[in-house]
Amino acid sequence: MRFSGKVAVVTGSAQGIGLAIAKRLYDDGCDYVALMDINEEKICEAARTLDAEEKHAGGYQVNVADRESVRKAFTAIEEKYGKIDILINNAGITRDAMFHKMADDQWDAVINVNLNSMYNCCKCVVPGMRDRGYGKIVNLASVSAFGNLGQTNYGASKGGVIGFTKCLARDTARNSITVNCIAPSYVDTDMLRAVPEATMQRFLAAIPMGRLGKPEELAAAAAFLASDDSSFITGECLVVSGGSYM
Ligand SMILES: NC(=O)c1ccc[n+]([C@@H]2O[C@H](COP(=O)([O-])OP(=O)(O)OC[C@H]3O[C@@H](n4cnc5c(N)ncnc54)[C@H](O)[C@@H]3O)[C@@H](O)[C@H]2O)c1
């Protein structure tokens, strides 16, 4: 019950890695887990699968790229539950294309959802965390930040997440707030469904452990960085990749 007494927010948690993280925080004793997602029906259902009575978990329809939508939800949670101790910035999208074929809206969508969301959500929680002298922020980056075919938009957004994480960690370190990120390689979620079979075989061949990551394995890493077990770790990027980057 390492999260006993804590209030957490997990963005993009209707499915995949975000849902696994929300479940892990809930199972490890969080007082309240706010699950946020752009998909209203799925997020309400996801929250109810954790807690049918919605006493210790609740679903919120939020577009993390929309500052007003984010502000409204975070304000409501802080007013009702008194604080936010843990923020997991997980919501993310891909809109892959070779650079010469990439359309403006593919660039804008990925930067808005994956990177601008970091600013939008952290802006809401950092003031309260500073006042209380406690906060744990975990951001989802990706190894695509180190270079990947057809992902200039995604790689730029995730490289931005790493830089954002390190700079925010500097700004908040004296307030006992830790800010870290996780860079997964390939995890078995819907995000990978669009990848052609031949490309998937190429990905697998490059992973020393010879398999995709599981959402629960990412949740374990996120829970570590969200817990007091990582109290002296800040500004780090933890690569979770089955050995791909050793
Ligand atoms: N799956 C992978 O292989 C992989 C690898 C590296 C990094 N990541 C990162 O991990 C995170 C989770 O990925 P996943 O694989 O679980 O993806 P997923 O597509 O399964 O889930 C993403 C969730 O984010 C939600 N979402 C999308 N846009 C949103 C918005 N504007 N506002 C709120 N919610 C929104 C979706 O509705 C969905 O529920 C992402 O940031 C992704 O970039 C995933």
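Note that ligands are numbered from 1 as they come in the structure, with each ligand's atoms numbered from 1 the same way.
Residue nearest to atom 37 (O) of ligand 1, selected from Val240, Thr189, Asp37: Asp37 (by heavy-atom distance). Residue Ile38 holds the heavy atom nearest to atom 35 (C) of ligand 1 of all those in Asn116, Ile38, Ile17. Closest heavy-atom approach to atom 31 (N) of ligand 1 among the candidates Asn120, Val62, Asn63: Asn63. Within the set Ser157, Ser144, Ser185, the minimum heavy-atom distance to atom 5 (C) of ligand 1 is found for Ser185. Across Phe203, Tyr154, Tyr60, Tyr186, heavy-atom proximity to atom 43 (O) of ligand 1 is greatest for Tyr154.
Under a cutoff of 6.0 Å and an axis angle of 45°, Lys123 and Phe74 do not form a cation-pi pair.
Residue-environment remark: CD (Glu53) stays at or below the threshold of 12 foreign heavy atoms within 6.0 Å.
A salt bridge links Arg2 to Asp229: one of the charged nitrogens lies within less than 4.0 Å of a carboxylate oxygen.
Within the 3.5 Å criterion, the main-chain N or O of Gly213 finds no donor-acceptor partner in the side chain of Asp188.
Counting the atoms of ligand 1 from 1 in the order shown, those under 4.0 Å from a heavy atom of Val113 are 28 (N), 31 (N). Using a 4.0 Å cut-off to heavy atoms of Ser142, the atoms of ligand 1 that qualify are 6 (C), 7 (C). Using a 4.0 Å cut-off to heavy atoms of Ile93, the atoms of ligand 1 that qualify are 27 (C), 28 (N). Within ligand 1, counting atoms from 1 as listed, the ones closer than 4.0 Å to a heavy atom of Leu192 are 3 (O).
Checked by atom type, the side-chain pair Asp31/Tyr26 shows no donor-acceptor distance below 3.5 Å. Under 3.5 Å, the side chains of Lys136 and Ser230 contain a donor-acceptor pair of N or O atoms.
For Ala141, every heavy-atom contact with ligand 1 shorter than 4.0 Å involves the backbone, none the side chain. Only side-chain heavy atoms of Lys158 come within less than 4.0 Å of ligand 1; its backbone N, CA, C and O stay farther off.
At least one N/O-N/O distance between Val64 and ligand 1 falls below 3.5 Å.
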